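Only one structure is covered here, and it is reproduced in the block below.
What you see is a predicted model; the values in this text were computed from it and never measured. Along the sequence shown, the residues carry numbers beginning at 1.
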Amino acid sequence: MLGLPLLAVVLSLLPHTGRAKTVHGSFDSALAWHSRGQHIFTFLFHGEQAVLRVRISNVAAAVGKDAALYLYQDEEWLKMHGNMEEYSCPERLSLAQISIPLNQTEYNYTLPQILSPVAWYAIYVDRYTCLMSYEDPRTDEITFQVTLLNPDAAGNPFDHFGADESGLHEFFFLLVLVYFVAACIYIQALWQTIKKGGPMHTVLKVLSNALLLQVVSALANYLHFSWYAKDGKGAPFIGSVAELCDIASEVQMLYLLLSLCMGWTLSRMKKSQGRPLQWDSTPTSTGIAVVAVIAQVILLVWEQFEDTNHHSYHAHESLAGILLIAMKICLAVSLAFGLYQIITVERSTMKRKFYITFAKGCFLWFLCHPCFVAISYLFKDYQREKVITVGVILSQSFSMIILYRLFLSHSLYWEVSSLSSVTLPLTVSSGHKSRYYS
């Protein structure tokens, strides 16, 4: 419903840059002078046979400018950038652990043994970098290709993945496999249930749309990482599609859960005994849901622009990420308050069980992300995004299982919706009879 329009809008806005570790570009003396070194890459090397492979197009121009790559480990890099004023340009260059002169067409450098994964930063420097005033060298352009390789399971330097990305390719493969097996088993029964209509028809449609978007996201991530494993570039466009599908899925679920809960709450407040509440005829609950959806979309897109690396679940160190976490916590608290009011006054044990199970699914969906962001601080920096990504995807999958079991449980859902249809905002009409759910 909301997913496709949002997908089209955000797709036109998002920059399609990748976290490729086969890096292309050109060396820029002016940029190197202005920044005291042109940043080329950041990569987490590990193991004994990590390799840096550099290929340049214009050796003569590079030699004429005394061009070189300077490599810094994480500690020295942060030290240098934390106190830029305290170091002169030559002093900053002296902090580099490795310098590689660019005096040949291709250069392979094997890094010293790295016991634990560490981030390496590379900058381009030439004879003009540390001058007091910039002098235009007026030389031909020097293009480059840098390939970054970690040792694979056999110890050979063929792995394009950094330590912060290793394992994600296998995770998404297993996730897609599980989705495929589950679809083979359940899709026919689910489709038949949706075709029947009934009070759970709209709920199941929206829930299924959100699940389909998650499946597409997992498949797109798997394809991106599969290509990435081969060439170190991946498919940036496919990576963006995966992120956008996650955004659309989040929007669908937010609208569904908030509309349901607000509809129940408002109907309880009104004590109406009229016809069942409709999704398209509840302006207050729909308005609240739409406002929340718009706010979430703005924060999600803002966060994607702040961090263009292809991962759907970020470490949330930016302002947009912090606001997004705060919003999810506030939504969970507001839903808890609304559902608590409903549960405390409900006399039917079956209905209380229904609302409690629904609350579990809601809380798991909204709070898994903030919780795993907090848990990730117990791990090393390079492990944090993997912990968040795997934890959130699995938790949201469990949340959907809970909600599917709830809404496909014919006796429980029918008991709630038929005995108190006014409290269910997403029913289709009161004309559906119990023959569908006997």
Flag if over 12 foreign heavy atoms under 6.0 Å of CZ, F363: yes
By side-chain contact (heavy atoms from CB on, under 4.5 Å), I187 pairs with (sequence neighbours left out) none
Nearest-0.5 Å distance that lies between atom CD in Q383 and atom CG in D164: 10.5 Å
Reference residue P370; test side chain to side chain contact (heavy atoms under 4.5 Å, CB included); the match among I375, L324, V392, I329: I329
Backbone of L168 reached by a side-chain donor or acceptor of K386 within 3.5 Å: no
Rounded to the nearest 0.5 Å, what separates atom CD1 in I40 from atom OH in Y70? 14.0 Å
Side-chain heavy-atom pair L52, F41 within 4.5 angstrom cut-off: yes
Any idea which heavy atoms bring I194 and S208 closest together, and the distance? CD1-OG, 3.7 Å
Within a reach of under 6.0 Å around NE2 of H34, are more than 12 heavy atoms found that belong to other residues, nucleotides or ligands? no
So does V373 get a backbone contact from the side chain of S376, meaning a donor-acceptor N/O pair under 3.5 Å? yes
For H46, all residues meeting ring-ring contact (aromatic ring centres under 6.0 Å, His included), sequence neighbours excluded: none
Verify, without hydrogens or angle tests, whether Q38 (side chain) and S26 (backbone) share a donor-acceptor contact under 3.5 angstrom. yes
With sequence neighbours left out, the residues meeting ring-ring contact (aromatic ring centres under 6.0 Å, His included) with F173 are Y222
Nearest 0.5 Å, please: how far is OH in Y72 from CE in M80? 4.5 Å
Say whether, by atom type as modelled, one donor and one acceptor occur between the side chain of S217 and the main chain of L213 under 3.5 angstrom. no
Counting only N and O atoms by type, is there a donor-acceptor contact under 3.5 Å from the side chain of S334 to the main-chain atoms of C330? yes
Report the distance from atom CG of L211 to atom CD of Q396, rounding to the nearest 0.5 Å. 11.0 Å
Considering residues at least two apart in sequence or located in another chain, which fulfil the salt bridge (charged side-chain N to carboxylate O under 4.0 Å, His left out) criterion with R55? E106
At what distance, to the nearest 0.5 angstrom, does CE of M400 lie from CG of L406? 14.0 Å
Residue list, ring-ring contact (aromatic ring centres under 6.0 Å, His included) with Y179, at least two apart or on another chain: none
Between S57 (side chain) and I142 (backbone), is there a donor-acceptor pair under 3.5 Å? no
Hey, does I123 have a side-chain heavy atom less than 4.5 Å from the side chain of W77? yes
Keeping the roles fixed (side chain from T344, backbone from Q341), state whether a donor-acceptor pair exists under 3.5 Å. yes
Donor + acceptor pair across side chains of Y228, E165 (<3.5 Å): yes
Can you tell me how far the CD atom of Q49 sits from the CG atom of N150, to the nearest 0.5 Å? 11.5 Å
Tell me whether D152 contacts the main-chain N or O of A154 through its side chain, where contact means a donor paired with an acceptor under 3.5 Å. yes
Contacts of F144 meeting ring-ring contact (aromatic ring centres under 6.0 Å, His included) (sequence neighbours excluded), chain-then-number -> F27
For a 4.5 angstrom cut-off between non-hydrogen side-chain atoms, does Q145 reach T22? yes
